[in-house]
Amino acid sequence: IIILSQKMLVKTIDVTFRESVYCPSKISLSRALRVIGALAEVGVDFVEIGYLKTDEGDSPFLNYTPEYINKAFAVCRGKARLCAMMHPGDFLPTRWDKKVMSRLALVRICVDEKNLRETGEIIGYFHSLGIKVSLNLVRITKYSPKKCAQLCQEAEKIGADFFYLADSNAHLLPSDVGTYIKEVRQKAKRIKIGFHPHNSLGLAQANALAALEEGVEIVDFSILGYGKGAGNLRTEIFIPI
């Protein structure tokens, strides 16, 4: 069990419900709300409630669902903040209620080298609502550490608050993680650095520790490692205090 002291200034995001869309079993809305409330009580900083999409089926975790967002916000009781994931192509502000959207504290946008530079308008929209934005670079092993550092600089230039390195394919060893984070942190000025580990090699915990040692400021996990493929870092072994 890894205890995260407040002195470390590390923020945490539980991604269980967003990752649940990749799993065959379904989580009921009532159960999700109970779990969100419990995560808030134990000190998780952000709970990712799902994707911001429309008309993608009946799952509240795969759609913009005002009722779900409002209820999730209520059960947090101010002890955790809500975030959501989106792809640039799902940016549809005319379909979103600004009052509902303001329940979110953070929106994370999946990006790659090609579309990262096109997210400036999206970042501006969410900032106008008081919502912070993370640009999450997926499948980082497609890029060299130096290239990731360059993309981090671009993310900072267009106004992103966080830049995430997502080991989507779970190819990294702990030493690799250290190299990537160190390179990116050397170029980052204001922007905060996040890390999203996957567990296909059984290294999610070791990789998260390596990221923490290099000063990463926010880390993802999920309950029981629930998620796509072999899953993610387990919430239960990262206990905020």
Side-chain angles (χ1 to χ4, degrees), residues 1-16 18-19 22 44-46 48 83 85 106 108-113 116 132-156 160-241:
I1 295 176
I2 300 162
I3 302 207
L4 301 180
S5 166
Q6 290 180 355
K7 293 179 181 179
M8 296 177 70
L9 301 178
V10 178
K11 299 297 183 183
T12 55
I13 300 182
D14 185 279
V15 300
T16 305
R18 196 260 304 166
E19 289 279 2
Y22 298 112
V44 172
D45 294 294
F46 295 93
E48 191 166 62
C83 70
M85 181 76 79
L106 173 67
R108 308 205 295 170
I109 306 172
C110 293
V111 296
D112 56 26
E113 180 185 5
L116 183 149
K132 293 188 180 299
V133 178
S134 174
L135 295 186
N136 287 29
L137 184 65
V138 298
R139 300 178 181 88
I140 61 168
T141 47
K142 290 172 54 179
Y143 312 104
S144 68
K146 183 176 181 179
K147 183 63 179 179
C148 288
Q150 291 173 350
L151 294 173
C152 177
Q153 285 183 302
E154 293 185 24
E156 184 164 26
D161 303 285
F162 298 90
F163 181 75
Y164 247 87
L165 297 172
D167 184 20
S168 311
N169 296 327
H171 287 168
L172 294 179
L173 302 177
S175 58
D176 301 322
V177 173
T179 299
Y180 272 84
I181 300 295
K182 185 179 295 183
E183 187 79 29
V184 169
R185 284 195 60 81
Q186 286 176 351
K187 297 296 183 181
K189 295 179 181 177
R190 173 196 53 81
I191 200 167
K192 291 180 170 57
I193 308 303
F195 182 62
H196 178 88
H198 275 256
N199 203 38
S200 300
L201 298 178
L203 293 173
Q205 181 178 353
N207 285 348
L209 282 172
L212 289 173
E213 288 175 0
E214 292 299 333
V216 75
E217 290 140 310
I218 188 164
V219 176
D220 291 1
F221 47 44
S222 62
I223 296 170
L224 296 175
Y226 196 60
K228 186 177 182 179
N232 307 289
L233 176 66
R234 292 178 59 167
T235 299
E236 300 80 49
I237 64 172
F238 269 65
I239 301 179
I241 60 171

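Just so you know, these numbers come straight off a predicted model, no measurement behind them. For the numbers below, each heavy atom of this structure counts, side chains included, while hydrogens, waters and symmetry mates do not.
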Qualifying salt bridge (Lys or Arg N to Asp or Glu O under 4.0 Å) pairs, either residue in residues 185-203, two or more places apart: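 Only Arg185-Glu217 qualify under salt bridge (Lys or Arg N to Asp or Glu O under 4.0 Å).
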Where at least one partner belongs to residues 137-155, residue pairs that pass salt bridge (Lys or Arg N to Asp or Glu O under 4.0 Å), sequence neighbours excluded: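 Pairs touching residues 137-155 that pass the test: Glu113-Lys147, Arg117-Glu154.
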Under the side chain to side chain contact (heavy atoms under 4.5 Å, CB included) test, residues paired with [X] that sit two or more places apart:
X: Ala160; result: Ile123, Leu135, Ala155, Ile191
X: Thr179; result: Pro145
X: Ala210; result: Pro174, Val177

Short side-chain to backbone donor-acceptor contact, [X] and [Y], under 3.5 Å:
X: Asp112; Y: Leu137; value: no
X: Asp176; Y: Tyr180; value: no
X: Asn207; Y: Ala211; value: no
X: Asp161; Y: Ser134; value: no
X: Thr12; Y: Val219; value: no
X: Glu236; Y: Leu224; value: yes

Contacts of Asp14 that satisfy side-chain hydrogen bond (donor to acceptor under 3.5 Å, both in side chains) - sequence neighbours left out: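 Partners of Asp14 by the side-chain hydrogen bond (donor to acceptor under 3.5 Å, both in side chains) criterion, ordered by chain and then number, come out as Thr16, Thr235.
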Test log, rule side chain to side chain contact (heavy atoms under 4.5 Å, CB included), inputs Ile181 and Leu165: CA-CA 8 Å; Ile181 300 295; Leu165 297 172; 3.5 Å; yes
Aromatic Phe162 / basic Arg108 pairing, under 6.0 angstrom, 45° off normal: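 The answer is no; the distance or angle limit is not met.
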Side-chain donor-acceptor pair present, Asp220, Tyr164, cut-off under 3.5 Å: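 Yes.
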Check against side chain to side chain contact (heavy atoms under 4.5 Å, CB included), Val133 and Ile109: CA-CA 7 Å; Val133 178; Ile109 306 172; 3.7 Å; yes
Among Val15, Asn232, Ile237, Leu233, the one residue meeting side-chain contact (heavy atoms from CB on, under 4.5 Å) with Phe221: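 Going through Val15, Asn232, Ile237, Leu233 one by one, the side-chain contact (heavy atoms from CB on, under 4.5 Å) with Phe221 is satisfied by Leu233 alone.
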Would you compute the distance between atom [atom1] of [X] and atom [atom2] of [Y] and round it to the nearest 0.5 angstrom?
X: Leu116; Y: Asn136; atom1: CG; atom2: CG; answer: 10.5 Å
X: Arg18; Y: Ile13; atom1: CZ; atom2: CD1; answer: 9.0 Å
X: Gln150; Y: Glu183; atom1: CD; atom2: CD; answer: 9.0 Å

Taking all heavy atoms of [X] and all of [Y], pick out the closest pair and write down the distance.
X: Val216; Y: Val10; value: O-CG2, 4.1 Å
X: Cys152; Y: Ala188; value: SG-CB, 4.1 Å
X: Asp167; Y: Thr141; value: OD1-CG2, 4.1 Å
X: Met85; Y: Cys110; value: SD-SG, 3.3 Å

Glu19 vs Lys228, side chain to side chain contact (heavy atoms under 4.5 Å, CB included): CA-CA, chis, key distance, verdict: CA-CA 6 Å; Glu19 289 279 2; Lys228 186 177 182 179; 3.9 Å; yes
